[in-house]
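Each residue takes its place number in the sequence, starting with 1. Just so it is clear, the model here is predicted, and its values are computed rather than measured. Just follow the structure's listing: the first ligand is 1, and inside any ligand the first atom is 1.
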Amino acid sequence: MEDKSLSRRQFLEQTGKATMALGVSAIVLPTAISCNTAKAITGSTAFSTPYTQQPLPYSYNALEPEIDALTMEIHYSRHAASYAKALGEATTAEGVNTASTPLEALLSNISKYSTKMRNNAGGHYNHELFWKCMAPKSDNKATGSLMSAIQRDFGSYEAFTTQFSDAGKNRFGSGWAWLMLSNDKKLKIGSTPNQDNPLMNISDIKGIPILGLDVWEHAYYLKYQNKRPDYITNWWNVVNWKFVSDRFDTAMK
Ligand SMILES: [Fe+2]
C-alpha cells in the first residue's frame, strides 16, 4: 500500500506545478481525495476533463458500421449535451467554482453534492472519456506496457476482453463497463450503474478509469435493438488503443 502522506505531499507539489501551468491562482483540495484520483488530476492534461462538452474527435459516421451515424449524432448532440448542460446548472446552483475545482476532484467528493450533480457530472465525464476511447476501425490492439499489464492481471488479452464484455453484458439496466487502475496499480474490471464511475467516492468499485464502455440503450438501440452483446462484440473493433495505452502509461506515472 502506498504511503498516503507521501502521496498527498506529492499531490500538493504536483498540483502546484499544474496550477502554474494552467495559469490559475489556486486549486481547492477536497480533503477526502484519493491518491490515485490526485494523480488522475495532476498526471497529465489527458486526465483533466473540462466542464463543457468538447468537439467530437471524429465525424458522426466515422465509426460505421459498428456504430451508426444517427446513433452517434443523437448520443453526442442530445444525450451527452444534456449532461453537460445540466452539469453547468448544478455547479451554478451548488456554488462550485469550476475554475478551481477539477471535475475529477468533484467526482471524488460527489457524496457532498445533489443527485443532479452526481448524475450529470458522471454523465458528462463518462461521455467525454468514451468518445476518446473510440476511433475509426483499425487493427490496433493494446500495446506496450498496457498489453503487458493486461496479460499479467487477466492471464491473456482474450481473457481480458471476455471479462470486460461480460461486465457490460451483465450490467442490469443502464450503466458502464470499466477497465480501471486500482490503488495497488493493478488493472481491474468492473461495472457501475447509471452514470456513476470509479472516481466517485460512492462507487462500489474504485480506480482511475482507463477504458469505458457505455451500455445504456441510447448507445446502441437504433442499430442493435435488444442485442447488447452484438454491440459489445463490434465495439471492440473501434477501440482507440493508442489513446487507451497512452492513458494507462500516464496513470502509472
Ligand atoms: Fe451514453
Side-chain angles (χ1 to χ4, degrees), residues 47 49-91 103-104 106-107 110 115-137 164-180 189-200 202-203 205 208-240 243-244 247:
F47 289 103
T49 304
Y51 279 81
T52 54
Q53 189 177 39
Q54 302 302 294
L56 195 65
Y58 35 73
S59 61
Y60 290 137
N61 65 0
L63 306 184
E64 288 190 337
E66 277 72 13
I67 300 177
D68 62 285
L70 184 58
T71 294
M72 280 300 300
E73 180 174 1
I74 294 172
H75 199 175
Y76 175 82
S77 68
R78 300 190 201 175
H79 294 283
S82 73
Y83 295 125
K85 180 173 181 289
L87 173 59
E89 294 167 355
T91 54
L103 179 56
E104 291 80 0
L106 182 141
L107 290 168
I110 201 68
T115 300
K116 179 173 180 173
M117 187 78 83
R118 173 177 172 174
N119 290 339
N120 292 288
H124 172 65
Y125 176 91
N126 295 349
H127 285 88
E128 288 293 307
L129 176 59
F130 184 53
W131 311 134
K132 293 178 187 170
C133 285
M134 299 185 291
K137 188 174 182 177
F164 186 98
S165 295
D166 287 346
K169 291 174 189 174
N170 296 332
R171 163 52 54 194
F172 185 77
S174 299
W176 292 75
W178 301 102
L179 174 67
M180 59 199 157
I189 287 171
S191 173
T192 52
N194 305 313
Q195 294 295 356
D196 289 353
N197 67 46
L199 289 178
M200 292 180 172
I202 47 78
S203 177
I205 59 170
I208 298 175
I210 302 296
L211 172 66
L213 169 61
D214 188 344
V215 294
W216 282 59
E217 286 187 344
H218 68 222
Y220 63 86
Y221 205 85
L222 288 180
K223 180 178 175 67
Y224 295 95
Q225 291 83 48
N226 62 325
K227 298 171 188 162
R228 183 190 288 181
D230 290 354
Y231 158 66
I232 294 174
T233 297
N234 290 345
W235 174 80
W236 287 110
N237 295 329
V238 292
V239 171
N240 184 349
F243 170 79
V244 177
R247 185 173 175 83

Visitor: Show all protein N/O/S atoms under 2.8 Å from the Fe ion (ligand 1), or state that there are none.
Guide: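 Sorted hits: H75 NE2, H127 NE2, D214 OD2, H218 NE2.
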Visitor: For the aromatic rings, using the six-membered ring if either is Trp, is the centroid distance between W216 and H127 under 6.0 Å?
Guide: no
Visitor: Counting N and O atoms only, with roles assigned by atom type, does the side chain of Y58 sit under 3.5 Å from a partner on the main chain of W131, one being a donor and the other an acceptor?
Guide: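 Confirmed, Y58 side chain pairs with W131 backbone.
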Visitor: Could you point out which residue of Q53, Q195, H124 forms a side chain to side chain donor-acceptor pair (under 3.5 Å) with Y83?
Guide: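 Among the candidates, only Q195 passes.
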Visitor: Would you indicate whether K227, at its atom NZ, is surrounded by more than 12 heavy atoms from other residues, nucleotides or ligands within a distance under 6.0 Å?
Guide: no
Visitor: ring-ring contact (aromatic ring centres under 6.0 Å, His included), that's the test. Do F130 and W176 meet it? Break it down for me.
Guide: CA-CA 10 Å; F130 184 53; W176 292 75; 5.5 Å; yes
Visitor: E128: what forms a side-chain hydrogen bond (donor to acceptor under 3.5 Å, both in side chains) with it, not counting sequence neighbours?
Guide: none
